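This is a predicted model, so every value here is computed, not measured.
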Amino acid sequence: MEFCVHGPRANWKGFLRLSLVTCPVALYPATSESEKISFNQLNRQTGHRIKYIKVDQDTGDEVPNEDIVKGYELEKGQFIEVTKEELEEIALESTRTIEIDEFVDKSEIDPRYLIRPYYLRPDGKVGHDAFAVIRETIREMNKVAIGRVVLTNREHIIALEPMDKGLVGTLLRNPYEVRSEQEYFDEIQDVKVTKDMLDLARHIVNQKAGTFDPEKFEDHYESALVELINQKRAGKLIRPKERPKGENVVDLMEALRQSVGREKATEPANAPKKSAKKPRKAASGQKEMLMPIAGKKQAKEAGAKKQPARSQRRSAWLGPNVC
C-alpha cells in the first residue's frame, strides 16, 4: 500500500503590491483540522460507505459534472444561469494581485471580523528583495496592512502582519456579515455589581492568572473520541457517563467566597509553577489493545519518527487511502 506525502500546497498564487513595489507571492493556510478524527457515513444494514451523487431534483437522473452550471434563484423555481466564462469576465484585480490599500492599527480591527489566518511568502526565487521591503515597512510602522484577495471565487479583505521572515494574512469579514450585538444584548438586565463582589472576583482571577500557551490546552473531545473508538474496538461495553448538573446560584456572595476557598485548596502555597507544556495523557483503554489508535495528531507525530510504522497503523484502522 502506498501513501502520498505532499508538501505545502498554496491556496493562491499571485502578486503582492505596495504602490509600485511588486513581488510574486503564494498564500498557504496557517491552520488545519485534518489531524482531528473524522467519521464516514455508513449504511447500518450493510456496513458500506454512503456515496453521494448529484441528481436532477425533478427527474431523479444523475447529472454529470460537465452539465452542471451555476444559477441564481430569483423566485421559487425561476433561475438565472451564470456561466464560468461570465464569472471570469468580471474577475477583479484582486484575483491575481493583493494590492495594499491602507495601513491601520491592529487595535482598530474588531475581533468579530476575523475569519482565518494564512501564511504569505515569496513565490519562487525572484522578488525576495521587494517582499522584504514590504514586510519590513509594515514591521517598522507597527501597523497592519489592509488589502484584498479573491479566494474560493469571492473577494475578501485581508490584513497583513509580519511574522519572522514572512507575513501572516488574516481574512476579514465584510460589514454585512457581522450581526449587530444590540439584537442579543438589549434584554440583558442592568445589574449593580457591588465592590465586595468585584474584590472577590478579582481575587479568583488573580489565583487563576497565567500566560497564554496553546501547548497547555488539550482537545478533550478528541481524547474522548479516541477512548470511545478504542473501547468499542476492544469489544467493551459502553456505559453513559454521569453529566455534571448546572445549579442556580442563590447567594452570589457566598458562591464567590466558596470559589476563593476552593482555588486556595487546589494549589499548595509552595507549589512549583506549572510547566509551560503539558504532556498529553494516553486515552484509557488503549493499553489493553494490540493496535490502539492514537488519534491523527499523535499518529502524525509518531510517524515523523518512524514513517513505516505509521503507514501500517493507518492501514489497519482507516483502510486504504487514495491520493
Side-chain angles (χ1 to χ4, degrees), residues 8 10-33 90-123 127-191 193 198 201-202 205-206 208-217:
N11 278 29
W12 180 93
K13 289 187 176 184
F15 297 89
L16 176 63
R17 184 162 63 206
L18 173 60
S19 188
L20 298 179
V21 180
T22 305
C23 61
V25 293
L27 201 66
Y28 299 84
T31 60
S32 171
E33 295 191 353
I90 64 169
L92 304 170
E93 178 67 15
S94 50
T95 303
R96 292 291 298 158
T97 302
I98 300 176
E99 176 80 39
I100 296 178
D101 297 323
E102 61 179 346
F103 294 86
V104 303
D105 291 332
K106 187 175 182 178
S107 60
E108 295 177 355
I109 301 177
D110 189 322
R112 292 176 296 177
Y113 286 81
L114 305 179
I115 302 179
R116 71 181 68 89
Y118 288 84
Y119 294 136
L120 198 70
R121 73 181 190 190
D123 185 28
H128 286 249
D129 291 345
F131 183 87
V133 168
I134 296 173
R135 180 196 64 214
E136 293 309 309
T137 300
I138 301 173
R139 196 193 306 273
E140 288 296 320
M141 298 297 292
N142 196 26
K143 296 282 188 178
V144 176
I146 303 296
R148 293 179 179 272
V149 63
V150 171
L151 285 173
T152 61
N153 299 321
R154 297 299 297 242
E155 185 180 58
H156 297 273
I157 306 167
I158 188 168
L160 301 172
E161 301 176 75
M163 174 177 281
D164 195 20
K165 295 189 295 183
L167 292 169
V168 172
T170 304
L171 295 190
L172 304 179
R173 294 182 173 88
N174 289 291
Y176 64 82
E177 297 177 277
V178 178
R179 295 174 175 175
S180 170
E181 71 279 4
Q182 296 304 322
E183 181 180 351
Y184 306 93
F185 295 166
D186 275 351
E187 296 182 5
I188 298 177
Q189 299 177 7
D190 292 324
V191 177
V193 180
L198 282 176
R202 287 194 194 100
V205 172
N206 289 332
K208 289 180 171 290
T211 56
F212 179 74
D213 180 3
E215 294 295 332
K216 293 189 295 185
F217 299 108

Under the rule for side chain to side chain donor-acceptor pair (under 3.5 Å), what residues qualify as partners of [X], not counting sequence neighbours?
X	result
T211	none
Y176	none
N174	E177

Drop me the distance from Y119's OH to L27's CG, to the nearest 0.5 angstrom.
12.0 Å
Side-chain donor/acceptor pairs under 3.5 Å, residues 107-118, sequence neighbours excluded:
{"residue": "D110", "atom": "OD1", "partner": "R112", "partner atom": "N", "Å": "2.9"}
{"residue": "D110", "atom": "OD1", "partner": "R112", "partner atom": "NE", "Å": "3.3"}
{"residue": "D110", "atom": "OD2", "partner": "R112", "partner atom": "NE", "Å": "3.1"}
{"residue": "D110", "atom": "OD2", "partner": "R112", "partner atom": "NH2", "Å": "2.7"}
{"residue": "R112", "atom": "NH1", "partner": "E181", "partner atom": "OE1", "Å": "3.2"}

Count the heavy atoms of every other residue, nucleotide or ligand shown that sit under 6.0 Å from CD of Q182, and state whether that count exceeds 12.
yes
Should the heavy atoms of other residues, nucleotides or ligands under 6.0 Å from CG of D186 be counted, would the total exceed 12?
yes
Quick one: closest heavy-atom pair of [X] and [Y], and the distance?
X	Y	answer
R173	I157	O-CD1, 4.2 Å
I138	L160	CG2-O, 4.0 Å
L172	A159	CD1-CB, 4.1 Å
P24	G127	CD-CA, 4.1 Å

What donor-acceptor contacts under 3.5 angstrom involve side-chain atoms of residues 139-149, with partners at least two apart or in another chain?
{"residue": "R139", "atom": "NE", "partner": "E136", "partner atom": "OE1", "Å": "3.2"}
{"residue": "R139", "atom": "NE", "partner": "E136", "partner atom": "OE2", "Å": "3.3"}
{"residue": "R139", "atom": "NH2", "partner": "E136", "partner atom": "OE2", "Å": "3.3"}
{"residue": "R139", "atom": "NH2", "partner": "D164", "partner atom": "O", "Å": "2.8"}
{"residue": "K143", "atom": "NZ", "partner": "D105", "partner atom": "OD1", "Å": "2.7"}

Under 3.5 Å, which donor-acceptor pairs do the side chains of residues 13-22 form with other protein atoms, sequence neighbours left out?
{"residue": "R17", "atom": "NE", "partner": "E99", "partner atom": "OE1", "Å": "2.5"}
{"residue": "R17", "atom": "NH2", "partner": "E93", "partner atom": "OE2", "Å": "3.4"}
{"residue": "R17", "atom": "NH2", "partner": "E99", "partner atom": "OE1", "Å": "2.9"}

Heavy-atom side-chain contact between I158 and L120 under 4.5 Å
no
With distance as the sole test, does W12 use its side chain to make a donor-acceptor pair with the main-chain N or O of V25 at under 3.5 Å?
no
Run through R121, H128, R135 and flag the one making a side chain to side chain contact (heavy atoms under 4.5 Å, CB included) with K165.
R135
